[in-house]
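Everything on this sheet refers to the single structure shown next.
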Amino acid sequence: QEELVESGGGLVQPGGSLTLSCAARGSAFSDSSMGWYRQAPGEQREFVASIRSSGPADYEAFAKGRFTISKDDDKKMMFLEMTDLKPEDTAVYFCYLDELDYGDYISDDTSWGRGIQVTVSS
């Protein structure tokens, strides 16, 4: 089980940018996939983006072209750069880590952060 700590959330105006960070405190970071899900009030959790240990990234349609996922193996941190933010991006964003390293794959063994609020509003 990895301890994951998100940071960087907050309030931004439509069209603005925000970068989320996720720090991994355990030992599995370098061999694992990581990514982000989000959940808006009253809605199901939905996939945002993922990155495999070797680097390939995947994005949900709403994120493609606007969001960029990246990681720093030395610092054991993963990032989500979000641009051109829209009100519908408002949600709690959850960082995850999965040691099977299949990218967007999650399971009961996936580690999760506690979530961080992103609010896009004028």
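Starting from 1, each residue takes its place in the sequence as its number.
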Quick one: CZ on Phe47 to CG on Asp58, what's the gap to the nearest 0.5 Å?
5.5 Å
Hydrophobic clusters here meaning ILVMFWY residues chained together by side-chain heavy-atom distances under 4.5 Å, can you tell me if Ile69 and Ile116 are in one?
yes
Test item: Met82 and Val12 side chains (from C-beta on) under 4.5 Å apart, heavy atoms
no
Any link between Ile51 and Trp36 through a network of hydrophobic side chains (Ile, Leu, Val, Met, Phe, Trp, Tyr) touching at under 4.5 Å?
yes
Any sub-3.5 Å donor-acceptor pair from Thr119's side-chain atoms to Thr90's backbone N or O?
no
Closest contact, heavy atoms only, Ala91 versus Gln117
O-NE2, 3.5 Å
Taking side chain as C-beta onward, heavy atoms only, is Leu100 less than 4.5 Å from Ser33?
no
Val48 with Val118, same ILVMFWY side-chain cluster at under 4.5 Å:
yes
Under 3.5 Å, is there a donor-acceptor pair between the side chain of Arg25 and the main chain of Glu3?
no
In this structure, OG of Ser7 is separated from CE of Met77 (nearest 0.5 Å) by 5.5 Å
Is Arg114 atom CZ crowded by more than 12 heavy atoms from other residues, nucleotides or ligands, each under 6.0 Å away?
no
Single-linkage hydrophobic cluster Phe29~Phe94, side-chain heavy atoms < 4.5 angstrom:
no
Can a donor-acceptor pair be found between the side chains of Asp31 and Ser53 at a distance below 3.5 Å?
no
From the list Glu6, Glu46, Glu60, Glu43, salt bridge (charged side-chain N to carboxylate O under 4.0 Å, His left out) with Arg38 holds only for Glu46
Kindly indicate whether the side chain of Asp104, heavy atoms from C-beta on, has any atom under 4.5 Å from the side chain of Tyr96.
yes
Examine Leu18 and Tyr93 and state if one hydrophobic cluster contains both, with Ile, Leu, Val, Met, Phe, Trp and Tyr joined whenever side-chain heavy atoms are less than 4.5 Å apart.
yes
Do the non-hydrogen side-chain atoms of Leu4 and Trp112 ever get within less than 4.5 Å of each other?
no
Measuring from atom CG of Asp98 to atom CZ of Arg52, what distance do you get when rounded to the nearest 0.5 angstrom?
11.0 Å
Can you tell me how far the CG atom of Asp89 sits from the OG atom of Ser121, to the nearest 0.5 Å?
12.5 Å
Around Glu88, counting heavy atoms of other residues, nucleotides and ligands shown, do more than 12 lie under 6.0 Å from its CD?
yes
Do the non-hydrogen side-chain atoms of Glu81 and Ser17 ever get within less than 4.5 Å of each other?
no
Check whether any side-chain heavy atom of Phe62 sits under 4.5 Å from a side-chain heavy atom of Lys86, and report yes or no.
no
Interatomic spacing from CG in Leu97 to OG1 in Thr110 - rounded to 0.5 Å
8.5 Å
Could you report the tightest heavy-atom contact between Glu2 and Ala28, atom names first, then the distance?
OE2-N, 2.5 Å
Aromatic contact, Phe67 with Tyr59 (centres under 6.0 Å):
no
Nearest 0.5 Å, what's the CE-OG distance between Met34 and Ser50?
11.5 Å
